[in-house]
Amino acid sequence: MNAFRQTMRAAVQGDDRGFALLIVLWAVVLLTLLATQLTAAGRTELQLAANLRSAAAAETAADGAVYEAVYHLLDPSDTWTADGTDRMLRVPGGRAILRIENEAGKINPNNAPPELLRALLRRLGADRRVADGIAAAIVDWRFPNRQGQPGGAKEPQYRAAGLDYGPAGAPFRSVAELGAVLGMTPELLARLEPNVSVLTDADPDLLAAPPVVRQVIQDLRGARSATSRRRPLRTVAITAQVVGDAGGRFGRRAVVRLGVAE
C-alpha cells in the first residue's frame, strides 16, 4: 500500500514538472513573438523615417534647382535659354533633370479667338465636330453672358449632360481647369497642356512656340508669320525632377515671371 502511494506521488510530481515546463516553453514562444514584432515595427519605423528624410532632401534639391535656373536666366551674360530641352544638373545628394520652357510661345485660352482654338484642337487629333464644340465651350466658359456661342455650352447644356456645375463665366485660372469644359477628355487635355498657358497676355511668339502651336498659326496666318521677332523672356515654366542618391524622388514645377510685361 505504501509502495502504491509513493508511486502515485511520483507520477503527480512528474506531471507537475511537465506542466511547468510547458508553461515555460509557451512563455518563451510568446516573448519571442513579442520581440520579433517589436523588432519588425522598429525596422518599419526606421524605414519610414529614412524615406521621409530622402523625400525631404529631394524636395529641397528640386527647389534649389529651380532657384539656380532663375539665377542663370536673370544673368544677361549666361547662355541658359528657355528652349524646353532637358538639362542634367548635379545637386546635393542626387541629380536633377531641369527643363525651362518659354510660356510666351503658348496659346492663352482666355484670349484666343475661336478659330485658333479650333485649329489647335484639330491639330491635336480632335475631329471637326468635337473641335468646334470644345472651342465654342471654352469661349462660353470665360464670358458671363447668357447668350452662348453657336454649338457652345452654357449651364443648360452642362445640366443636360448630367453635370452639377456650369461654366464659370470668368477667365481660366489654370490650364487644368480646361478639363471641366464640356466635351473635354483627359486624353485631349493631356495633349493640350504643353501648348497652352493662362500666363501670357500677347499673341504666341512663334520663335518660342511649341511645334504644334507654330504649325497651327502658320496654317492660319501663312508662312510669313514665322518671321516674327523674338520677344524678351518674361514668363517661364521650370520643371525639376530630382532623384536622390538615397532613392528619394521629387518633382517641382514653377511658373516664374522674370519681369513686368510691356
Side-chain angles (χ1 to χ4, degrees), residues 54-110 112 120-121 123-125 172-179 184 186-218 226 228-261:
S54 298
E59 181 178 2
T60 301
D63 290 339
V66 170
Y67 296 145
E68 182 166 350
V70 173
Y71 172 81
H72 283 284
L73 293 172
L74 290 175
D75 185 355
S77 64
D78 206 296
T79 58
W80 282 37
T81 57
D83 54 7
T85 60
D86 289 343
R87 299 173 182 270
M88 185 68 70
L89 187 67
R90 190 68 190 174
V91 295
R95 66 186 186 278
I97 298 177
L98 199 64
R99 181 181 304 159
I100 309 173
E101 299 171 280
N102 189 350
E103 295 290 282
K106 299 179 180 181
I107 293 172
N108 189 337
N110 288 323
L120 176 61
L121 291 166
R123 175 64 62 173
L124 294 174
F172 292 94
R173 294 170 295 178
S174 68
V175 171
E177 193 176 353
L178 286 167
M184 185 69 71
E187 295 77 17
L188 185 57
L189 178 63
R191 297 194 295 270
L192 190 63
E193 285 179 334
N195 301 288
V196 295
S197 172
V198 299
L199 300 173
T200 59
D201 299 322
D203 291 338
D205 178 1
L206 286 188
L207 297 181
V212 170
V213 174
R214 187 181 304 114
Q215 187 61 56
V216 166
I217 294 179
Q218 288 178 358
S228 62
R229 180 176 58 86
R230 183 177 292 275
R231 304 168 193 160
L233 193 62
R234 294 300 187 192
T235 305
V236 296
I238 304 173
T239 304
Q241 297 287 343
V242 171
V243 178
D245 295 335
R249 293 174 178 269
F250 191 85
R252 175 73 78 196
R253 178 178 173 82
V255 177
V256 181
R257 289 190 183 275
L258 301 175
V260 180

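In this chain, residues are counted from 1 in sequence order. Because the structure is a prediction, the values reported are computed rather than measured. Note: hydrogens, waters and symmetry copies are ignored here, and every other heavy atom, side chains too, is used.
Counting heavy atoms of neighbouring residues, nucleotides and ligands inside a 6.0 Å radius, atom CZ of Arg95 does not exceed 12 of them. Arg191 CZ: more than 12 foreign heavy atoms inside a 6.0 Å radius. When the shell of 6.0 Å around CG of Leu124 is examined, it contains more than 12 heavy atoms from other residues, nucleotides or ligands.
Going from atom CD of Gln241 over to atom CZ of Arg99 covers 8.5 Å, rounded to the nearest 0.5 Å. Here the CZ atom belonging to Arg252 is positioned 13.0 Å from the CG atom belonging to Leu98, to the nearest 0.5 angstrom. For the atom pair Leu206 CG and Ile217 CD1, the distance stands at 4.5 Å (nearest 0.5 Å). Distance check, rounded to the nearest 0.5 Å: CG of Leu192 to CD of Glu187 gives 13.0 Å. In this structure, CZ in Arg214 is found 7.5 Å from CG in Leu207, a value given to the nearest 0.5 Å.
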Please walk me through it: do Val198 and Arg173 pass side-chain contact (heavy atoms from CB on, under 4.5 Å)? CA-CA 7 Å; Val198 299; Arg173 294 170 295 178; over 6 Å; no
Yes or no on side-chain contact (heavy atoms from CB on, under 4.5 Å) for Asn195 and Ile107, after CA distance, side-chain angles and deciding distance? CA-CA 6 Å; Asn195 301 288; Ile107 293 172; over 6 Å; no
Pair Arg90, Asp245 - check salt bridge (charged side-chain N to carboxylate O under 4.0 Å, His left out), show working. CA-CA 11 Å; Arg90 190 68 190 174; Asp245 295 335; 3.1 Å; yes
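Between Val256 and Thr235, every side-chain heavy-atom pair lies at or beyond the 4.5 Å cut-off. Put simply, the side chain of Val236 reaches to within 4.5 Å of the side chain of Leu258, judged on heavy atoms. Counting heavy atoms from C-beta outward, Tyr71 and Val66 have side chains that stay 4.5 Å or more apart. Residues Thr239 and Ile100 fail the side-chain proximity criterion, which asks for heavy atoms closer than 4.5 Å. Inter-residue side-chain proximity for Val242 and Glu59 is flagged as unmet; no heavy-atom pair is nearer than 4.5 Å. Between Asp78 and Leu73 there is no side-chain heavy-atom pair separated by less than 4.5 Å.
Heavy atoms only, all atoms of each residue included: Thr200 and Lys106 are closest at OG1-O, 3.9 Å. In this structure, Val212 and Arg123 approach most closely via the heavy-atom pair CG1-CG, 3.5 Å. Closest approach of Ala96 and Ala65 over heavy atoms only: CB-CB, 4.2 Å. Residues Arg87 and Trp80 approach most closely at NH2-CA, 3.6 Å, considering heavy atoms. When all heavy atoms of Ala62 and Phe250 are compared, the pair lying nearest together is CB-CD2, 3.8 Å. Contact between Gly105 and Val213 at its shortest, heavy atoms only, is O-CG1, 3.5 Å.
Proximity of a side-chain donor or acceptor of Gln215 to a complementary backbone N or O of Pro211 within less than 3.5 Å is not detected.
The closest side-chain donor-acceptor pair between Glu103 and Ser197 falls under 3.5 angstrom.
Ionic pairing of Glu101 and Arg253 is present here: one or more N-O contacts between side-chain nitrogen and carboxylate oxygen are shorter than 4.0 angstrom.
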